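Numbered from 1 within each chain, the chains take letters A, B, ... in sequence-line order. Just so it is clear, the values below take in all heavy atoms, side chains as well, and ignore hydrogens, waters and symmetry mates. Since we're looking at a predicted model, the values are computed, not measured.
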2 protein chains.
Amino acid sequence: MHDMMATRTAPDPASELQAASAANPSFSPLYRQIKGLITRSLQQGDWKPGELIPSEADLARRFGVSQGTVRKAVDELAAEGLLLRRQGRGTFVSTHHEERVKFRFLRLVPDATVEGERPLPQPMERQFLECRRARASQEVARTLGIKAGESVTQIRRLLLLAGEPVVFEDIYLPGPAFRALTAERLESYRGPLYALFESEFSTRMVRAEEKLRAVNASAQEAQLLRVREAEALLLVERLSFSYGELPAEYRRGLYNTRHHHYRNELN
Amino acid sequence: MHDMMATRTAPDPASELQAASAANPSFSPLYRQIKGLITRSLQQGDWKPGELIPSEADLARRFGVSQGTVRKAVDELAAEGLLLRRQGRGTFVSTHHEERVKFRFLRLVPDATVEGERPLPQPMERQFLECRRARASQEVARTLGIKAGESVTQIRRLLLLAGEPVVFEDIYLPGPAFRALTAERLESYRGPLYALFESEFSTRMVRAEEKLRAVNASAQEAQLLRVREAEALLLVERLSFSYGELPAEYRRGLYNTRHHHYRNELN
DNA sequence: TAGTGGTCTAGACCACCGT
DNA sequence: CGGTGGTCTAGACCACTAA
């Protein structure tokens, strides 16, 4: 029977869990509470990106629940992209250091891309135009959930695909966490920006929201992206969140969609 | 133990299922086979959109498996949006006739929309400019997986939000299924286009792929959307699929993103 | 071979819904 | 109240990986 308080021979951690009961209106199922505990461990850095977390059987023992309950919690976290299951090996904390998930957040693909094919085998080059400390504008502050005038790190860069400039973007990072970030470090780093943030700034981007618009290129934007002035560009504003729905990056990118498009799936 | 062929006292349908075994390289887990059988029933129209499907216990008996196995199959189909579970009532076939999911495929929201809020309480008006039979062009044919020159139904329409024209799109429907569709029917129908297709043309759109680009408005497009010529517009090409990954609609829409934006979530 | 996640079962009880 | 999906358990065996 499922009556935790009475029958379960649970170790310490389980005592935090609340029994299901009609008397408790703010009831949350066990597996969801387990999910919360695991998420907390991820936030606290108990298990770091790329690392192996304890086995299901182990977690079940620790939490004083059945393996099936842990399984359901881990299943959902894996579906949300926080964890990665590998049969025979164990469950790992997701990371941006992985060939598999290199371009998880960049939805731009060459027009030639065939459906179902893995896109972007194109050579990609990055040019960092700027990396400086600045004061948050009204807009940037509101988006990042900080106060206007607070310090942010701003990066301005250009992405080139097959030698052609395709993306021009400004990136805003809140707070003092990124104070040590320099243009030199950006230049020398091989791999995705989010992998760098993860390894050296303890900030893992978990999910993001994007707003897309079409805009006419300004003179400066046109020059950088080598298009005519007033040519249509895709404006992509991205707000990325770290663990716990914490806004951790705001990005404003202009995409030249003459030979590339933004790919999306609707379900 | 789990040895179907020997121990299960299964009714007829279960005999189609294949036992798991190392000897069978093309092995698929039971719940996935169940999923396939349910999907087939949906395709065949055994259970129509909006209808109640048999209970888990019932399906388990029919297929000769445990309720847990059926549950896993239904869980996945619900996650994919094919089924809708309602506690205490049963499991229903998803439909486009539902307040909840009215704008599942239209990602355009007003700029004022606050995160987490339900968008589009705006009054929406539709103007159908055209509805005719035509021959598929090279491009349309290739996209829909038919031969160039075959008959398609073409709809041209305008969407107005808060009185302003915001979307101008051409819609292409393959084959003879939509031969009976007329401009009058489109005008008189209340509710989403996909609901009409579902009720009267036995075509349910299950998922879609979109390609987004920014383009400069032509003279005609500018006039229809009431913007300046060459103003940037968001071009959205959508390929919708019915049950069984069947391409069922191709749509080419131009969005005026001056006061609206295309909203997307990245996980 | 030992340990991991993946599948499957059987059975219990709970939360929710309509009658 | 009976029927539905939702949660939880305990235990079995399979598939995969690494030592």
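C:dC8 atom P lies 16 Å from atom CG of B:L59, rounded to whole Å. Per the geometry, CD belonging to B:E76 stands 17 Å off P belonging to D:dG5, to the nearest Å. Between B:D75 atom CG and D:dC8 atom P there is a gap of 14 Å when expressed in whole angstrom units. Remark: P of D:dG6 and CG of B:L83 are 12 Å apart, rounded to the nearest angstrom. If you take NZ of B:K35 and C1' of C:dC8, they are 17 Å apart, rounded to a whole angstrom. Rounded to an integer number of Å, the gap from B:L52 CG to D:dG5 P is 8 Å. The separation between A:R32 atom CZ and C:dA15 atom C1' is 14 Å, rounded to whole Å.
When atom types are taken as modelled, the side chain of B:T203 and the backbone of B:F201 share a donor-acceptor pair closer than 3.5 angstrom.
B:N264 and A:Y262 share a donor-acceptor pair across their side chains, judged by distance under 3.5 Å alone. Counting only N and O atoms by type, the side chains of A:H260 and A:D111 include no donor and acceptor under 3.5 Å apart.
Considering only side-chain N and O atoms, A:K72 lies nowhere under 4.0 angstrom from the phosphate OP1 or OP2 of D:dC8. Residue B:T69 places none of its side-chain N or O atoms closer than 4.0 Å to OP1 or OP2 of C:dT7.
Look at B:E237 and B:R251 and you find no salt bridge, because none of the NZ, NE, NH1 or NH2 atoms lies under 4.0 Å from a carboxylate O. In this structure, A:K35 pairs ionically with A:E80, as a charged nitrogen and a carboxylate oxygen lie closer than 4.0 Å. Under the 4.0 Å criterion applied to side-chain N and carboxylate O atoms, B:E210 and A:R263 are not assigned as salt-bridge partners.
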Can you give each donor-acceptor pair under 3.5 Å made by side-chain atoms of residues 189-196 of chain B, sequence neighbours left out, with the distance rounded to 0.1 Å?
residue : atom : partner : partner atom : Å
B:Y194  : OH   : B:R238  : NH1          : 3.0
B:Y194  : OH   : B:S240  : OG           : 3.0
B:Y194  : OH   : B:E249  : OE1          : 2.5

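Among the nucleotides C:dT9, D:dC8, D:dT9, the one closest to the side chain of A:V65 is D:dT9. The side chain of A:L30 lies closest to D:dC8, out of D:dT7, C:dC8, D:dC8.
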Could you run down the sub-3.5 Å N/O contacts of the protein with nucleotides 2-5 of chain C?
residue : atom : partner : partner atom : Å
C:dG3   : N2   : A:G88   : O            : 3.0
C:dT4   : O2   : A:G88   : N            : 3.4
C:dG5   : OP1  : A:T91   : OG1          : 3.3
C:dG5   : OP2  : A:E56   : N            : 2.9

